Amino acid sequence: MSSGETVPTITIADAGRHVGMKVRIAGWLYNLRKSGKIVFPLVRDGSGIMQCVAVKSALPEELFEQIKDLTQESSIIVTGKVRAEQRAPGGYELDIENVEVIQRVPVEDPYPITPKEHGIEFLMDHRHLWLRSRRQHAILRVRHEVIRAVRDYFDSHGFTLIDTPIFTPSACEGTTTLFEVNYFDDEKVYLTQSGQLYAEAAAMAFGKVYCFGPTFRAERSKTRRHLTEFWMVEPEMAYADLEEVKRVAEELVVYVVGRVLENRRKELNELERDVSKLECIQAPFPRITYDDAVRELQAKGSNIQWGSDFGGTDETLLSEAHDRPLMVDRFPSAVKAFYMQPDPERPEVALGVDVLAPEGYGEIIGGGQRIHDLDLLLRRIEEHGLPKEAFSWYIDLRKYGTVPHGGFGMGIERCVAWLCGLEHVRETIAFPRMLYRTRP
RNA sequence: UCCUCAGUAGCUCAAUGGUAGAGCAUUCGGCUGUUAACCGAAGGGUUGCAGGUUCGAGUCCUGCCUGAGGAGCCA
């Protein structure tokens, strides 16, 4: 090797293409197994984990001692030759020739997350470090794939991305779940609960749009399905009726599941997800009306009455009978938001739809047709006790070329929790915000 | 907000009202193919906080704090 030649730095995911070559891997010490005069440092670099081998007889004394005494999560750059090795966890192994220690984690203050088990409180307190573990890595990569797939779906189906504001002067869901922001002098401003109202305005300009961003709900809820800050994608389509909304929702879910199966098999395996439960997610999804759902629930022993919304156990009871998402439509108008279009043949029910994920994961999508008639919208705003002034721009949309339209919102975290088969949505976002959790 | 449960070593957990213990982690020693390596030894404690009952409280009682699970509501 000439003095000008440099050793290439590779990623561990790419190791298979460098067998027999001398390479550099820049990363962190994941774990170290010792066996006398041979040690096996496991190095992770963000793309994967690689088992390395250091043999005492093959290295300078000082270097071998340094490797042997490395501490967990010390930052290191290892140099060596890649070799295919069946005994190594990833199928490849690196014979260490040199190790450059960027920072050795001090023994008196060791890395807190050991390879053994930990409780959820401890892990959540160390979320900033927990992200380094294999499991969290796999989950967040699935999340990334879900988001990419969602964007690709809409981008390739004629939708324009319109980012909607996070500070808003008005509510779109219940007014009790608003986060107030004390900054603006003139008026009360809140963190958005949904980009929908603005997406409706954009749909009247662009036809088909979607927004994707964080949303905030000050619900005093503490369950495995709730975050106070969560991400939602919301398509909105001019001239779309309820049936079209359902068709797009179904197509989107099938596409997203397909993409995760196509590109994130390894991560699903790491999570020990039963992929057969995802492979059967194909159109058409079963469809049922709210009326039939209530009858079915009552037959199964639920004490739900017509007119009230489903509880979590009701959703589970309904969805467990199916191996694919269940679409429930025509809910009682009274339990739904003010903008829901009533069914012209039965005004007591709204042209809205919920999509319930299988395996008890509950509602992942909610949407429907919006009210396009000016007088009806004004009446509903009044009935719900909402401030008309704050909605003046929204009302304008019904004055200037109003058309039937609709859309839906899909919660990213619930989707990811379902696809990964997780117990709780808190692991589906890097830094979850919950009722009693705002750190780290 | 309501209901239920929990809080003991850095972590995960034991301990009839009667001497606070184990595994992992850490340190030291051993081991040339380990797979959450293994074997031996050592150090490590204001039992969440404040009161109370008792000869004696990690254990029983009261209040508070923190967390978890669930309900309602929602994506």
Side-chain angles (χ1 to χ4, degrees), chain A residues 30-42 49 51-59 64 68-69 71-72 83 85-91 93 95 105-126 133-135 172-177 193-196 214-234 249 308-316 331 335-337 354-357 361-367 408-418 423-426 428-429 434-437:
Chain A
Y30 191 76
N31 197 7
L32 184 82
R33 289 189 280 266
K34 288 183 237 190
S35 181
K37 297 181 179 63
I38 182 168
V39 298
F40 300 92
L42 288 161
I49 295 175
Q51 174 164 295
C52 305
V53 192
V55 177
K56 185 168 182 166
S57 57
L59 294 169
F64 184 78
K68 195 169 67 92
D69 290 336
T71 47
Q72 196 190 355
R83 182 165 42 77
E85 171 60 78
Q86 286 205 326
R87 289 172 292 186
E93 200 168 71
D95 288 316
V105 174
V107 289
E108 63 274 14
D109 190 9
Y111 185 72
I113 303 179
T114 64
K116 281 279 182 174
E117 352 163 338
H118 302 278
I120 192 64
E121 183 183 359
F122 179 81
L123 289 169
M124 289 304 293
D125 284 342
H126 295 84
S133 75
R134 293 174 194 235
R135 179 183 161 83
C172 4
E173 303 295 330
T175 46
T176 53
T177 65
Q193 299 166 305
S194 158
Q196 181 200 313
T215 47
F216 307 86
R217 305 231 175 132
E219 288 159 358
R220 309 294 292 176
S221 49
K222 232 178 83 64
T223 80
R224 64 186 63 195
R225 300 191 308 280
H226 285 88
L227 298 171
T228 51
E229 178 183 325
F230 66 97
W231 287 66
M232 188 157 63
V233 61
E234 296 175 275
S308 60
D309 215 337
F310 299 138
T313 47
D314 291 328
E315 287 186 352
T316 305
F331 284 80
V335 299
K336 287 291 175 183
D354 281 359
V355 180
L356 308 181
Y361 279 93
E363 186 180 353
I364 51 168
I365 284 176
F408 61 86
M410 182 171 84
I412 295 298
E413 287 78 12
R414 285 190 184 176
C415 230
V416 174
W418 164 46
E423 281 290 300
H424 200 297
V425 290
R426 66 186 156 215
T428 64
I429 185 165
M434 295 177 290
L435 187 50
Y436 298 115
R437 175 70 62 180

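Keep in mind the model is a prediction, meaning the values are calculated, not measured. Chain letters run A, B, ... following the sequence lines, proteins first and then strands; every chain starts at 1.
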Rounding to the closest angstrom, what is the interatomic distance between U59(B) and A20(B) at atom C1'?
-> 12 Å
G56(B): pairing nucleotide in any strand, Watson-Crick or G-U under 3.5 angstrom = none
Checking N1-N3 plus N6-O4 or O6-N4 for Watson-Crick, or N1-O2 and O6-N3 for wobble, each under 3.5 Å, the partner of U66(B) is A6(B)
May I ask which nucleotide in the shown strands pairs with G21(B), Watson-Crick or G-U wobble, both distances under 3.5 Å?
-> C13(B)
Spacing between M124(A) atom CE and C11(B) atom C1', to the nearest angstrom | 17 Å
At under 4.0 Å between heavy atoms, what does V55(A) touch on the DNA or RNA strands: base, sugar-phosphate, or nothing?
-> base
Taking atom P in both C38(B) and G21(B), what distance in whole Å separates the two?
-> 25 Å
Rounded to whole Å, CD of E315(A) lies from C1' of C73(B) at a distance of 11 Å
Quick check: does any side chain N or O of E315(A) sit under 3.5 Å from a backbone N or O of E363(A), one acting as donor and the other as acceptor?
-> yes
Main-chain N/O of F230(A) paired with T215(A) side-chain donor or acceptor, under 3.5 Å | yes
Nearest-angstrom distance, C1' atom, G63(B) to G44(B) = 33 Å
Under the 3.5 Å rule, do the base of G33(B) and the side chain of E93(A) count as making a donor-acceptor pair?
-> yes
Does a nitrogen or oxygen in the side chain of R33(A) sit under 4.0 Å from OP1 or OP2 of C31(B)?
-> no
Could you tell me whether the side chain of K34(A) and the main chain of K68(A) form a donor-acceptor pair under 3.5 Å?
-> yes
Please measure how far the C1' atom in U54(B) lies from the corresponding atom in U62(B), and state the result in whole Å.
-> 16 Å
How many Å lie between NE2 on H424(A) and P on G67(B), as a whole number?
-> 13 Å
Quote, to the nearest angstrom, the P distance that separates C11(B) from G7(B).
-> 14 Å
Parallel, tilted or perpendicular: rings of F122(A) and H126(A) (30°, 60°) = tilted
Scan every strand shown for a Watson-Crick or G-U wobble partner of G40(B), both distances under 3.5 Å, and answer none if you come up empty.
-> C28(B)
Option from R426(A), R414(A), H424(A) for which side-chain contact (heavy atoms from CB on, under 4.5 Å) with R224(A) holds | H424(A)
Could you measure between the two P atoms, the one in G58(B) and the one in C49(B), and give it in whole Å?
-> 11 Å
K336(A) and D354(A): CA distance, side-chain angles, deciding distance, side-chain contact (heavy atoms from CB on, under 4.5 Å) verdict | CA-CA 11 Å; K336(A) 287 291 175 183; D354(A) 281 359; 3.5 Å; yes
Using the P atom in both, what is the distance from U8(B) to C2(B), to the nearest Å?
-> 25 Å
Give none if A71(B) has no partner; otherwise give the nucleotide forming a Watson-Crick or G-U wobble pair with it, both distances under 3.5 Å.
-> U1(B)
Compute whether any side-chain donor of one residue and acceptor of the other, for R33(A) and Q51(A), lie under 3.5 angstrom apart.
-> yes
Could you say whether E85(A) or V355(A) is positioned toward the 5' end of RNA chain B, judged by the nucleotide with the nearest heavy atom to each?
-> E85(A)
Report the distance from atom CG of D69(A) to atom P of U27(B), rounded to the nearest whole Å.
-> 8 Å
Side chain to side chain, K37(A) and S57(A), heavy atoms closer than 4.5 Å = no
Which comes earlier along RNA chain B counting from the 5' end, the contact point of P112(A) or that of E363(A), where each point is its nearest nucleotide?
-> P112(A)
Which part of the nucleic acid, if any, lies within reach of D309(A) when heavy atoms closer than 4.0 Å are counted: base, sugar-phosphate only, or nothing?
-> sugar-phosphate
Rounded to whole Å, the NZ-P distance (K34(A) to A25(B)) equals 11 Å
Between A75(B), G69(B), U32(B), spot the one nearest the side chain of R426(A), thanks.
-> G69(B)
Which base, if any, makes a Watson-Crick or G-U wobble pair with U34(B), both distances under 3.5 Å?
-> none
Filtered N/O pairs between nucleotides 12-14 of chain B and protein, under 3.5 Å:
| from | atom 1 | to | atom 2 | distance (Å) |
| --- | --- | --- | --- | --- |
| U12(B) | OP1 | G119(A) | N | 2.7 |
| U12(B) | O2' | E117(A) | OE1 | 3.2 |

Decide yes or no on side-chain contact (heavy atoms from CB on, under 4.5 Å) for M434(A) and T223(A), but give the supporting numbers first.
-> CA-CA 10 Å; M434(A) 295 177 290; T223(A) 80; over 6 Å; no
Do any side-chain nitrogens or oxygens of K37(A) fall under 4.0 Å of OP1 or OP2 in U32(B)?
-> yes
Dump every N/O contact between nucleotides 1-6 of chain B and the protein below 3.5 Å, one line per pair.
| from | atom 1 | to | atom 2 | distance (Å) |
| --- | --- | --- | --- | --- |
| U1(B) | OP1 | R220(A) | NH2 | 3.3 |
| U1(B) | O4 | R220(A) | O | 2.7 |

Would you mind classifying the nucleic acid contact of I113(A) as base, sugar-phosphate or nothing, using non-hydrogen atoms under 4.0 angstrom?
-> nothing
Between G67(B) (C1') and M434(A) (CE): distance, integer Å | 11 Å
When you measure from the side chain of E413(A) to the backbone N and O of T428(A), does any donor-acceptor pair fall under 3.5 Å?
-> no
Measure from the side-chain N and O atoms of Q72(A) to the backbone N and O of I113(A), and report whether any donor-acceptor pair falls under 3.5 Å.
-> yes
For S57(A), report the nucleic acid contact type (base, sugar-phosphate, nothing); a contact means any heavy atom under 4.0 Å.
-> base
Q51(A) CD to A36(B) P, straight-line distance once rounded to whole Å = 11 Å
Given atom CZ of F230(A) and atom P of A75(B), what is their separation to the nearest angstrom?
-> 7 Å
Consider the side chain of I38(A), meaning its heavy atoms from C-beta on, and name the nucleotide among A25(B), C73(B), G33(B) that approaches it most closely.
-> G33(B)
Classify the nucleic acid contact of P89(A) as base, sugar-phosphate or nothing, counting any heavy atom under 4.0 Å across all strands shown.
-> base
For U26(B) versus G10(B), give the span between their C1' atoms, rounded off to a whole number of Å.
-> 9 Å
